[in-house]
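The structure appears below as structure tokens.
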Amino acid sequence: MEYLSAFREPGVIISVTITVVGLLFSSHFKKTGDWIIKHLGLLPGRLKADAKVKFWRYKRQYLERVYNPAELNWQIVRTYSLMLLFAMSLTLYVLLLAIGPLKGIGTLPTGIQLFICSPVLVLEALWLFQREYTRALIDTAGKRVTSQLTTRYSRRTR
């Protein structure tokens, strides 16, 4: 049970807390970012205009992906492939820690340990970002299809 003592360290507690808060409030972070872009009163005119152009370009590309079912399926496949890559890399690292050359990783400095485990962390971050983006696409596609169907249906029944 010696390995469970690592969960008492402040760094581990902070990282788990940040991960849980990020998962619970990820949609709120996006809304906060949208609000900041809409209310850019402190930036000069040129930077404000550039930020708004980039924001609307992103929105246009986002809506084009929502209307294209092949693109939506591609994003779903991409999400699952990143999840599989993350799971395989995590399994590989656990095996390397258990039976392989990484048995003594705990004796190395923290920076080296993070560098060795960085591929797993990068794949996890990529997967989580892609998963949230795909969820947002699916939600938007569902709202758009539902709203179109209800307006057409209400016109026919009048």
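This one's a predicted model, so the numbers in the text were calculated from it and none came from an experiment. In this chain, residues are counted from 1 in sequence order.
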Quiz item: Can you tell me how far the CH2 atom of Trp127 sits from the CG atom of Leu84, to the nearest 0.5 Å?
Solution: 10.0 Å
Quiz item: Do you know which two heavy atoms are closest between Leu82 and Leu126, and how far apart they sit?
Solution: CD1-O, 3.8 Å
Quiz item: Has the side chain of Glu71 got a donor or acceptor atom that lies under 3.5 Å from a matching backbone atom of Val66?
Solution: no
Quiz item: Do you know the tightest heavy-atom contact between Gln113 and Thr107?
Solution: NE2-N, 4.4 Å
Quiz prompt | Inter-residue atom distance Glu124.CD - Ser118.OG, 0.5 Å rounding | solution = 12.5 Å
Practice problem: For residues Val120 and Leu90, report the shortest heavy-atom separation together with the two atoms involved. | Solution: CG1-CD1, 3.8 Å
Exercise. Output, in order, the C-alpha distance, side-chain angles, deciding distance and verdict of side-chain contact (heavy atoms from CB on, under 4.5 Å) for Ile138 and Ile76.
Key: CA-CA 9 Å; Ile138 291 170; Ile76 293 170; 3.9 Å; yes
Quiz prompt | Gap between atom CG of Leu121 and atom CZ of Phe86 - 0.5 Å precision | solution = 8.5 Å
Quiz item: Which of parallel (below 30°), tilted (30 to 60°) and perpendicular (above 60°) describes Tyr133 and Tyr62?
Solution: perpendicular
Self-check item: Quiz item: cation-pi between Arg78 and Trp74, 6.0 Å / 45°
Solution: no
Quiz prompt | Atom pair CG (Leu72) and CZ (Arg65), whose distance is rounded to the nearest 0.5 Å | solution = 10.5 Å
Quiz item: Between Leu108 and Phe115, is there a shared hydrophobic cluster once you connect ILVMFWY residues whose side-chain heavy atoms come closer than 4.5 Å?
Solution: no
Quiz item: Is the side chain of Tyr93 donor-acceptor paired with the backbone N or O of Ile116 at a distance under 3.5 Å, no angle test?
Solution: yes
Practice problem: Kindly determine whether Ile112 and Ile105 satisfy side-chain contact (heavy atoms from CB on, under 4.5 Å), including the steps that lead there. | Solution: CA-CA 9 Å; Ile112 303 291; Ile105 195 171; over 6 Å; no
Self-check item: Nearest-0.5 Å distance, CG of residue Leu63 to OH of residue Tyr58
Solution: 10.0 Å
Exercise. Measure the CG-CG distance between Leu102 and Leu95 for me, rounded to the nearest 0.5 Å.
Key: 11.0 Å
Practice problem: Give a yes-or-no answer on whether the side chains of Thr79 and Gln75 include a donor-acceptor pair shorter than 3.5 Å. | Solution: no
Quiz item: Does one hydrophobic cluster hold both Leu137 and Val77, with members joined at side-chain heavy-atom distances below 4.5 Å?
Solution: no
Quiz item: Cluster question for you: counting only ILVMFWY and a side-chain heavy-atom cut-off of under 4.5 Å, with indirect links fine, are Val122 and Leu114 together?
Solution: no
Exercise. Answer whether the closest heavy-atom distance between the side chains of Lys103 and Leu97 falls below 4.5 Å.
Key: no
